[in-house]
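Presented below is the structure to which this report refers.
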Amino acid sequence: MSTTPDQPASGPRRGALLVIFLVVFIDLIGFGIVLPLLPLYADQFTVDESGWIIGALMASFSLMQFLFAPIWGAASDRWGRRPIILIGLASSCFFYSLFAWASLQNSLVGLFIARIGAGIAGATIPTAQAYIADTTTAENRTRGMALIGMAFGLGFTLGPVFAYAALVGGGQSLGAGPGLLAAGLSLTAWVLAIWKLPESNRFRQSAVALDVAPQSRHAGWWRGDAWRAALGSRALRYLILGFFVVILCFALFETSFSMLLRGSEHSQYNPFQFDLPQICLVFAGIGLLSALIQGGVVRPLSKKISNRTLAISGALIEVVGFASLSWAVQSQKLAAVFSALFVIVIGYACLQPSLYALLSRWSDPKTQGAALGVGQSASAMGRILGALFSIPLIRIAAYVPALVSAAAMAIALVAILLACRYGRDYQET
């Protein structure tokens, strides 16, 4: 029987994993361009002594991911991974263009609209993760998820570098360049996906054929079926809680870090006073380190060490890293700050692919898109709260976000331990 990209006989054609890697990588470059500069844009456009407005701007992206990740995930289970990925990339292109316009107009409202739209578009990342789950065996799942982690890391590496290149006035002022470049990269990823990305969801056709009750087709969208399916076991409940707290901790750090380095004309909380090019290079280093660890360490280790061990070890490393960062900032020791940053990135590189691999392995393969969407949705809620509270916390004292993250990460460690105690691969239950 002949095959088509939308109906493969034995899975996507050779090279599909490379294509999904490139699609996510290019799209994440666009995100990485904006991430380190967004709080600085907002700080420039408005006087926000408390930090709540900037926190809300950062949180708006993740709020949309929280709302739409399960929707896109369930939709990809029903209609396929490929069309959902294409919709997300096209939308990213549009809203990054809007971000560029808002930057030129010094429009805080425009920034909010652009970030809300980009959050809706970016909520399709779990669909890319489901694509990896579709095309890998259970034994190779962590290696496949680490491929997505590599795309994230490399995107965050080159994104800040491109941001530096696109900044107006020799890299010292903010303008439309970063947004336009991000839009162009999303457009490139969209074209690549149209050209080279086949459908991977082998259950899609049979699900459509068997679904004779029209109301069941859309139940996962609006009636919480995705959440009920994903949280149907104790292991998944604890794992989702772990997702939430891990991302909350990292968001507290990630959102405030550029302001920690840069400082603000509206407050006096930063001893370091980095300029914009230096901040971009620091974020590039974070992404490069994450990519190297996930590609060069986590992927090979996943053949010898279980997902559970990697996840638990990553959580322990994170506790140490955030506690060290809090001390280093309080002591105003820049070398200690970067040493702690190194530890944090190592822990996160171990955690991210391991947690996603466990979630996919413990879920029904026919609803992996929905399950991964719920995981991303829980992660998005962590980013919402982390972004919302990070700027007010850093304005209390520069070391407070890291201190809170260290305490919360201990909770995540307990949740992951409990999840690993009860978790079993789906075919074993």
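In this chain, residues are counted from 1 in sequence order. If you're wondering where the values come from, they're calculated on a predicted model, not measured in any experiment. Just so you know, these numbers use all the heavy atoms, side chains as well, and skip hydrogens, waters and symmetry mates.
- The structure places OH of Tyr356 at 13.0 Å from CD1 of Ile132, a figure rounded to the nearest 0.5 Å.
- To the nearest 0.5 angstrom, Ile317 atom CD1 is 11.5 Å from Ser324 atom OG.
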Task: Verdict with reasoning, Ile240 to Phe243, per side chain to side chain contact (heavy atoms under 4.5 Å, CB included) - done: CA-CA 5 Å; Ile240 295 297; Phe243 267 111; 4.2 Å; yes
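- Side-chain contact check for Cys350 versus Glu318: every heavy-atom pair is 4.5 Å or farther apart.
- Atoms OG and CG, from Ser60 and Leu388 in turn, are 10.5 Å apart once rounded to the nearest 0.5 Å.
- Considering every non-hydrogen atom in both Leu252 and Gly386, the closest pair reads CD2-O, 3.5 Å.
- Ser306 is linked by a side-chain hydrogen bond (donor to acceptor under 3.5 Å, both in side chains) to Thr309, counting only residues two or more places apart in sequence or in another chain.
- Under the side chain to side chain contact (heavy atoms under 4.5 Å, CB included) criterion, Leu413 pairs with Ile312, Ala315, Leu316, Leu417, not counting sequence neighbours.
- Judged by distance alone, the side chain of Ser92 and the main-chain N or O of Gly88 form a donor-acceptor pair under 3.5 Å.
- Residues Arg237 and Tyr422 have side chains not in contact (no heavy-atom distance under 4.5 Å, counting atoms from C-beta outward).
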Task: Check against side chain to side chain contact (heavy atoms under 4.5 Å, CB included), Ile293 and Tyr348 - done: CA-CA 10 Å; Ile293 292 171; Tyr348 190 73; over 6 Å; no
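- Counting only distance, with no hydrogens or angles, the side chain of Arg308 and the backbone of Ile416 share no donor-acceptor pair below 3.5 Å.
- Qualifying ring pair (Phe, Tyr, Trp, His ring centres under 6.0 Å) partners for Phe257, counting only residues two or more places apart in sequence or in other chains: Phe253.
- Listed here is the closest heavy atom pair of Ala349 and Val298: O-CG2, 3.5 Å.
- Taking CD1 of Ile120 as the reference point, atom CG of Leu63 lies at 9.5 Å (rounded to 0.5 Å).
- Considering every non-hydrogen atom in both Leu310 and Ser354, the closest pair reads CB-OG, 3.1 Å.
- Taking CH2 of Trp79 as the reference point, atom CH2 of Trp72 lies at 10.5 Å (rounded to 0.5 Å).
- Among residues at least two apart or in separate chains, ring-ring contact (aromatic ring centres under 6.0 Å, His included) pairs with a member in residues 383-409 are Trp52-Phe389.
- Listed for the Arg383 side chain is no donor-acceptor partner under 3.5 Å among the backbone atoms of Ile247.
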List, one per line, each side-chain donor-acceptor pair under 3.5 Å for residues 402-410, sequence neighbours excluded.
unit_1 : atom_1 : unit_2 : atom_2 : d
Ser405 : OG     : Cys249 : O      : 3.0
Ser405 : OG     : Pro401 : O      : 2.9

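- Not counting sequence neighbours, Phe94 has no partner by the side chain to side chain contact (heavy atoms under 4.5 Å, CB included) test.
- Partners of Trp190 according to the side-chain hydrogen bond (donor to acceptor under 3.5 Å, both in side chains) rule, which considers only residues two or more places apart in sequence or in another chain, do not exist here.
- Listed by first then second residue, pairs satisfying ring-ring contact (aromatic ring centres under 6.0 Å, His included) with a partner in residues 298-321 number zero, not counting sequence neighbours.
- Nearest heavy-atom pair across Leu351 and Ala311 is CD2-O, 3.2 Å.
- A cation-pi contact, defined as under 6.0 Å to the ring centre and within 45° of the axis, is absent between Arg81 and Tyr131.
- Using a 4.5 Å heavy-atom threshold, the side chains of Leu359 and Leu236 count as touching.
- Distance alone, capped at 3.5 Å, is enough to place a donor-acceptor pair between the Thr188 side chain and the Gly184 backbone.
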Show every donor-acceptor pair shorter than 3.5 Å between a side-chain atom in residues 333-346 and any protein atom, with sequence neighbours excluded, or say none if there are none.
unit_1 : atom_1 : unit_2 : atom_2 : d
Ser339 : OG     : Ala335 : O      : 3.0

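- In this structure, the side chain to side chain contact (heavy atoms under 4.5 Å, CB included) partners of Val414, at least two apart in sequence or on a different chain, are Leu418.
- When side chains are defined from C-beta on, Leu89 does not count as touching Val191, because their heavy atoms never get closer than 4.5 Å.
- Taking the ring pair (Phe, Tyr, Trp, His ring centres under 6.0 Å) definition, one finds that Tyr238 meets it with nothing, sequence neighbours left out.
- Taking the side chain to side chain contact (heavy atoms under 4.5 Å, CB included) definition, one finds that Ser97 meets it with Ala183, sequence neighbours left out.
- Atom-to-atom distance recorded for Ile286:CD1 and Leu281:CG is 11.5 Å, nearest 0.5 angstrom.
- Pairing each heavy atom of Ala412 with each of Gly242, the nearest pair is CB-O, 4.3 Å.
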